[in-house]
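Here the structure comes first, spelled out in structure tokens, and everything after it is commentary.
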Amino acid sequence: MLPPSIFFTRLPVHTDIIAIAILYAGQLQLLASSTSRLHHSVLLRLRALHAHILASGFKPGNYLLNHLIHLYSKQGDIPSAHRLVQTAPLPDAVARTSLINAYSNAGDLYLARKVFEETPVLVRDTIFYNAMISGYSRAGKGLLAVCVFRSMLRDGFHPDDYTFTGVLSAGAYVVDLDLIQCQQLHCPAVKLGAEPLVPVSNALIALYSKCDSWDAGMHARQVFDNMPERDELTWTTMIVGYVRESDIFSARQLFDEMNERFDVVWNSMISGYVHHGHFTEAFEIFRRMLSLKLPLDEFTYTSVLSACANAGLFGHGRSVHARIIRNGPDFDPKSALPVENVLVALYSRCNKMDLARRIFDGIQMKDSVSWNTILSGYVNLGSMDDARPIFESMPRNSQLPWMVMMSGLVQSGFSEEALKLFNRMRAENVDPCDYTYAATFSACGDLGALEHGRQLHGQLIALGYESSNSAGNAIITMYAKCGAIEEAHFVFLVMPNVDFVSWNSIIAAFAHHGHGIEAINLFDMMIKEGLHPDRLTFLTVLTACNHAGLVDEGLRYFKFMQRDYGIIPGEDHYARLIDLLGRAGKIEEAKDVIEEMPFEAGPTIWESVLAGCRIHKNVEFAIHAADKLFMMIPRHHGSYVLLSNIYASFGRWEDVASVRKLMKDRGVKKEPGCSWIEVENTVHVFLVNDTSHPESHRAYIFLEVLGAKMRKLGYVPDTSFVLQDVESERKEYVLSTHSEKLAVAFGLLKLAVGAKVRILKNLRICGDCHNAIMFMSLATGRDIVVRDAKRFHHFKDGECSCGNFW
DNA sequence: ATAGGGTTAG
């Protein structure tokens, strides 16, 4: 092929037709000779030809001009195309159509619309309107496309089948599309007889599939059934429509009916199955793809890998990953990101954070999904130390990272940090959402920061989130943990949409405050309202029975749970039941339950036994339980403490000493989960927060008693504890209001009843701690044993005796 | 006379 300039000069230019021939010759030759990167050279050639035409003095007519405009538009040189449109002596619908299409393809709907508006109605035609409609349609601007369609009819133009394809596909983007709207778009297409045409019907099926109504799905199927012929897109659209409606069964039926399956359909089936949790079926389709040697693309891999991640199938996931590495990616490296992201999710999910991290570090262009995935990977494993640096270096302009981080911090016990993060979120101009509020409330609950929580509650209402269930449920729990049971109840009563979590929360609120009967009444109401209790609900109900001492009811609910709700009791349920029996002194029954359990009793069970034995001073069975515990978790601090407390209550100090020696020999260290007060010159009280412990409601009672006694001693416990260190330089420790009050109460509670606790923060309480513990002993009617470096102090009946351990 | 146009999915 000669270079265009020579080609051109050889031929006399008399008509548009010859120039067109040359234009096309040049373009077609290039199109044929190279498969990629033709864009630029075609454009150069086009410009050269254009220059020649101008230089030759030939004045292009409409015909040639339109071709030039079309070619410039197709090649993406919109400015040149636009200039030519403007230089044309008369406005021309054909030229404008090309230009509108060019702008629409470039995503510039505003300029496309401008060209559209600047074209007089007189010169417009149907195709011209169609260009604008499909432009809006492809951009997802459904309503605008429909508006253009209406103006088209108003201007007196006749829509054709292309018009309907555009309008129908635009309709699918209308938000909250209903059946009536679908039919309003459908009817004109039927009248014109355009319906049986494949693209029109395809668009119709897609339209009805997007509509959230069962009837609409039937309509889609009707269109499908009435089609005289179908193409791959017809099948795909119908199948994907079923998947969207969660009708995987029908989707699969259609899939099996297809003779020739388009690639996308396979992927749609897999991702449909994954989306609805049918992982086995997803793998089955994937295996068939493999055996048929079908091409796998990035969509196949992401779907299958996410199935592995969701099902926690590390082995499967790794072999798919190996396959990608072995075969080399079958997809455009540019599309690798979603695959890499899902690999990070897979390995995080399977506790292989080092592998996840390696893939994450290898991603060049990390997107927000990559960052969020690795962040939640660490957070879900409770590795907040790894999560923090990720959070600090990632983009934080969306709510998601804050949500993940805050809820992670709360769950790992860093409630104060979560509250700080909430403030930082605002400083960084990210609007808190109901989920971040929920995390914040839960932090307030853990810290006992009632006033802070109240203020946030007010803010939440002001922001209009009050109807959010996640926030509302968190608020109930927050008030409950702070001891404000009436407020918790009020929030529950005014919540617009109460779900089973709300019920669980309010039942737990009453149960943990010692209002066992009220909790059980609420539970009965919940059942009457037709809500489905889950295993957690029953766990709470058993707790409630525990508090109210309702042994028979507890047993009844335990049976009810299995018989009427098919919930298989877990170890935690059994532990509550045994706790209930043990507390009631029914050690023999507890033994029977342990015998009849379908599994071996684990540590939680024996801990409950031990606690029961302590209350009823059953040394024999306590020793048995402790032996089990020592075997299962030999370095569990709490078991030793419980046992030595039992010995102490009998005054068996030698045994206490031998337990302590055992601890020393075995290297049992104090754990964050179980600590006690150390009396030296100062006292350490740990802020604890396990309101789920059956005894924890007593903290609030203790708090009151303690407050009254301390006031007599001259302390001011209402707003803050201002305590003086007698020993050293009369330092003052000013402790804030609620969290520290709870800290003291919970710390002493732990001391008194051996509740399982978590340390959040160290506090130093100075002054006459001895007296405070004495009051505790009197208030609870319990013996309290405290040890310091050399001695133990046994508080009993308002007196304190000391003894030596060794 | 001629030139400008379509649907869809993970």
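Quick note on labels: first sequence line is chain A, next is B, and so on, each numbered from 1. This structure is a prediction, so every number in the text was calculated from the model and none was measured. All values below come from the heavy atoms of this structure, side chains included, with hydrogens, waters and symmetry mates left out.
Of the candidates B:dA3, B:dA9, B:dG4, the closest approach to any side-chain atom of A:A93 belongs to B:dG4. Among B:dG10, B:dG4, B:dG6, the nucleotide with an atom closest to any side-chain atom of A:R138 is B:dG6.
Rounded to an integer number of Å, the gap from A:L90 CG to B:dA3 P is 20 Å.
For B:dA3, neither phosphate oxygen OP1 nor OP2 lies less than 4.0 angstrom from any side-chain nitrogen or oxygen of A:K74.
Contact of A:S98 with B:dG4 (side chain to base): no donor-acceptor pair of N or O atoms is detected under 3.5 Å. Contact annotation: side chain of A:D125 to base of B:dG4, donor-acceptor pair present below 3.5 Å. For B:dG4, the base has no donor-acceptor partner in the side chain of A:D92 [N/O atoms by modelled type, under 3.5 angstrom].
Between A:H219 and A:Y208, the ring planes lie parallel to each other; the angle is under 30°, not in the 30° to 60° tilted range.
Across A:F255, A:F224, A:Y242, A:W266, a single residue satisfies ring-ring contact (aromatic ring centres under 6.0 Å, His included) together with A:W235, and that is A:F224.
A side-chain donor-acceptor contact under 3.5 Å links A:Q181 to the backbone of A:D178.
No engagement by A:S303 is indicated, since no non-hydrogen atom pair under 4.0 Å with the nucleic acid exists.
A:F149 has its ring centre no less than 6.0 Å from the ring centre of A:Y129.
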